[in-house]
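Model, not experiment: these values are computed from the prediction. Order of appearance sets the numbers: ligands from 1, and atoms from 1 within every ligand.
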Amino acid sequence: MSQNILFLAHVSEAGNTLPKASYAVLGAALKLSRQLGTRLTIGLIGGDVSAAAETVAAAGADRILAVAGPDFSGARYASDAAAAEAICRSAGADLILAPATSRFMRVLAGVAHRLTGCVDTHVTSLEAVDGGVRATRWHYRQRIEGVIRRDTRPWIVLLESGCHAAFIGTPGAAQVEQIPVALPKVATRTVITGIRAPKSEVQTIRPDASLLFVAGAGWTKKQADGKTHVDQAETLILDFLRVSGASLGGSKSLVDQTGESQAVLGFMTHLNQVGQTGSTPRHPKGLSTCCHGEEPHVVGWRFINERHAVNLDPNCGWARGKADVLYVADAFEVLAKLNVLLAQRNRTSPEPAAHGALVN
Ligand SMILES: Cc1cc2nc3c(=O)[nH]c(=O)nc-3n(C[C@H](O)[C@H](O)[C@H](O)COP(=O)(O)OP(=O)(O)OC[C@H]3O[C@@H](n4cnc5c(N)ncnc54)[C@H](O)[C@@H]3O)c2cc1C
């Protein structure tokens with residue numbers, strides 16, 4: 001079965017590049033088109049795609065198609081669906097690969113329907129097998145891996161971020177074919193008038209960090225002196241995030257305390273929760289502190305490659321084979337020491353923090 005591949009992307013909010021996850025999808029699309037010996041088309045949607053097109057020019061696609069203009073700058077179902085449909089039809093692609101951004105997650109299932117094709121979301125890998133394509137995705141909170149092969153074409157696949165090496169190419173001149181799309185008036189009636197986001201003093205969720213730092217309810221529990229030390233916990237954790245560049249996760253018990261009006265860490269929200277009813281982030285390393293390591297929590301660690309934990313209890317859940325290294329220690333003391341060491345290293349290293357590497 002022939003597999004003309006279309007890599008479909010929208011420009012980032014800043015407008016001069018594509019969202020980071022898109023370059024990983026382009027990397028996957030290039031690999032697949034080489035393996036299958038098929039043509040690759042790039043399709044771009046946005047207010048002005050010229051700068052973004054230059055960032056993918058070196059990919060060597062057969063064609064770069066675009067639907068561009070003020071009507072296509074922001075996320076909106078009607079205009080995004082019309083743009084994606086027009087690009088897919090013009091490309092005549094059998095396989096359409098797109099990043100699982102919130103903008104595309106809302107729209108591409110509808111586009112598949114318009115094209116009488118099919119769609120799969122949350123795909124984590126794509127492989128060429130026997131001249132065809134095999135996709136995988138996780139089910140039941142990352143416990144079961146499903147393998148998908150489909151005969152229906154076109155097949156739209158939304159790839160999760162962090163699952164493939166990103167395409168890196170020197171930006172260059174790009175020849176872009178503009179696809180005209182005339183939107184009916186009804187397709188432009190939804191207008192974004194502003195964005196309301198939860199107030200956060202600190203940006204704690206950093207999907208690109210090398211380290212995921214997870215705090216558990218132990219940080220707010222009575223310590224050896226019979227008292228809680230929440231203020232100290234806040235300072236230690238915020239200092240650690242600053243000097244390490246880590247992303248912050250929380251256990252359900254800790255984030256739930258906000259709703260129960262107990263003393264809590266002010267910067268911890270439900271968005272930080274990792275686990276079965278939380279998120280499943282992807283980071284090379286993870287450090288859990290004051291968290292027991294129970295199964296529904298550990299599910300959120302499914303894609304953390306190297307797991308370290310600090311717990312006072314040598315019989316905590318982490319001790320049962322769920323962490324690569326368990327430090328039986330007081331997390332308050334460990335973090336205070338780590339912060340000093342990392343601050344020292346940052347002073348001497350030309351590339352401070354941000355790598356989130358654990359101190360060996
Ligand atoms: C259906 C279902 C879904 C769930 N989904 C999730 C989920 O998505 N995410 C999630 O996290 N949980 C989830 N849970 C809850 C989960 O089972 C655990 O109850 C929860 O994760 C426990 O949080 P914790 O380890 O922070 O708190 P605790 O169990 O209270 O553990 C606190 C730990 O801190 C340690 N500690 C205290 N002081 C220190 C110190 N100074 N130094 C070092 N260690 C110290 C203690 O030894 C203790 O082990 C779910 C449960 C159910 C039933």
Side-chain angles (χ1 to χ4, degrees), residues 122 138-144 160 204-205 207 211-241 244 246-283 285-304 307-342 358-359:
H122 297 294
W138 294 88
H139 298 271
Y140 186 39
R141 303 305 300 189
Q142 338 302 344
R143 287 186 174 99
I144 299 169
E160 288 286 293
T204 58
I205 299 174
L211 177 71
L212 172 70
F213 174 84
V214 178
W219 283 106
T220 60
K221 298 262 163 80
K222 282 184 184 162
Q223 294 300 306
D225 59 0
K227 293 178 192 153
T228 59
H229 295 276
V230 178
D231 289 350
Q232 193 189 347
E234 281 202 331
T235 309
L236 283 170
I237 293 171
L238 284 177
D239 282 352
F240 181 77
L241 295 179
S244 69
S247 188
L248 178 67
S251 71
K252 181 164 169 54
S253 299
L254 182 56
V255 302
D256 276 357
Q257 287 179 17
T258 316
E260 292 160 12
S261 337
Q262 293 183 27
V264 278
L265 306 178
F267 46 84
M268 186 70 85
T269 74
H270 278 92
L271 292 175
N272 294 96
Q273 188 191 315
V274 166
Q276 181 173 351
T277 43
S279 64
T280 316
R282 288 184 164 80
H283 298 273
K285 290 182 181 182
L287 175 62
S288 160
T289 53
C290 292
C291 165
H292 190 76
E294 285 191 57
E295 176 61 18
H297 171 75
V298 174
V299 168
W301 287 65
R302 187 69 184 76
F303 299 120
I304 305 297
R307 305 157 180 214
H308 293 232
V310 183
N311 199 305
L312 282 172
D313 178 3
N315 287 317
C316 71
W318 292 114
R320 290 155 212 209
K322 291 176 187 159
D324 298 301
V325 182
L326 169 66
Y327 307 91
V328 179
D330 184 332
F332 283 81
E333 288 174 20
V334 173
L335 229 61
K337 181 80 182 161
L338 263 178
N339 286 346
V340 172
L341 291 173
L342 285 170
L358 295 177
V359 173

Worksheet item: Should the ring pair Phe213 and Trp219 be called parallel, tilted or perpendicular, given that the plane angle runs from 0 to 90° and is split at 30 and 60?
Response: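 Tilted, since the angle between the ring planes falls between 30° and 60°.
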
Discussion item. Please tell me whether Tyr327 and Trp318 form a close aromatic pair, meaning their ring centres lie under 6.0 Å apart.
Written reply: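 Not close enough - the centres of the two rings lie 6.0 Å or further apart.
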
Measure the distances from the heavy atoms of [X] to every atom of ligand 1 and state whether one is below 4.0 angstrom.
| X | result |
| --- | --- |
| Ala329 | yes |
| Cys290 | yes |
| Leu312 | yes |

Under a 3.5 Å distance rule, please check whether [X] uses its side chain to pair with a backbone N or O of [Y] as donor and acceptor.
| X | Y | answer |
| --- | --- | --- |
| Thr289 | Val214 | yes |
| Ser244 | Ala246 | yes |
| Glu234 | Gly266 | yes |
| Asn311 | Cys316 | no |
| Asn272 | Thr269 | yes |
| Asp313 | His292 | no |

Worksheet item: What's the spacing between Leu238 CG and Leu248 CG if we round to 0.5 Å?
Response: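 Separation between the atoms: 8.5 Å.
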
With atoms numbered from 1 as shown, which atoms in ligand 1 lie under 4.0 angstrom from a non-hydrogen atom of [X]?
| X | result |
| --- | --- |
| Gly275 | 7 (C), 8 (O), 9 (N) |
| Asp330 | 40 (C), 41 (N), 42 (N) |
| Lys221 | 30 (O) |
| Ala331 | 40 (C), 41 (N), 42 (N), 43 (C) |
| Gly216 | 26 (O) |
| Val274 | 7 (C), 8 (O), 9 (N), 10 (C), 11 (O) |
| Ser253 | 19 (O), 20 (C), 22 (C), 23 (O), 27 (O) |
| Asp313 | 47 (O) |

Shortest protein heavy-atom distance from [atom], along with the residue and atom involved:
| atom | result |
| --- | --- |
| atom 19 (O) of ligand 1 | Glu294 OE2, 3.5 Å |
| atom 7 (C) of ligand 1 | Gln273 NE2, 3.0 Å |
| atom 38 (N) of ligand 1 | Gln223 NE2, 3.2 Å |
| atom 24 (P) of ligand 1 | Ser251 OG, 3.5 Å |
| atom 27 (O) of ligand 1 | Ala217 CB, 3.5 Å |
| atom 37 (C) of ligand 1 | Gly218 CA, 3.6 Å |

Discussion item. Just to be sure I read this right, does ligand 1 sit under 4.0 Å from the backbone of Glu295, its side chain, both, or neither, counting only heavy atoms?
Written reply: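 It is neither; nothing of Glu295 touches ligand 1.
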
Relative to [atom], which among [options] owns the nearest non-hydrogen atom?
| atom | options | result |
| --- | --- | --- |
| atom 46 (C) of ligand 1 | Val255, Val214, Asp256, Asn311 | Asn311 |
| atom 5 (N) of ligand 1 | Asn315, Val334, Thr277 | Thr277 |
| atom 1 (C) of ligand 1 | His292, His297, Lys252, Gln276 | Gln276 |
| atom 14 (N) of ligand 1 | Pro296, Gly293, Gly278 | Pro296 |

Discussion item. Check this for me, if you would: do Arg143 and Glu295 make a salt bridge, where the nitrogen-to-carboxylate-oxygen distance has to be below 4.0 angstrom?
Written reply: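 Salt bridge present between Arg143 and Glu295.
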
Discussion item. Walk me through whether His270 and Asp256 qualify under side-chain contact (heavy atoms from CB on, under 4.5 Å).
Written reply: CA-CA 7 Å; His270 278 92; Asp256 276 357; 3.1 Å; yes

Worksheet entry | Pro281 vs Trp301 side-chain heavy atoms within contact, under 4.5 Å |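 Of all side-chain heavy-atom pairs linking Trp301 with Pro281, none is under 4.5 Å.
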
Worksheet item: Does any non-hydrogen side-chain atom of Trp138 lie less than 4.5 Å from one of Arg302?
Response: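 Heavy-atom side-chain distance check passes, below 4.5 Å.
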
Practice prompt. Would you please test Ser279 and Gln273 for side-chain hydrogen bond (donor to acceptor under 3.5 Å, both in side chains) and show each step?
Written response: CA-CA 6 Å; Ser279 64; Gln273 188 191 315; over 6 Å; no

Worksheet item: Does the protein put any heavy atom within less than 4.0 Å of atom 53 (C) of ligand 1?
Response: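 For atom 53 (C) of ligand 1 the answer is no, since every protein heavy atom stays at 4.0 Å or beyond.
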
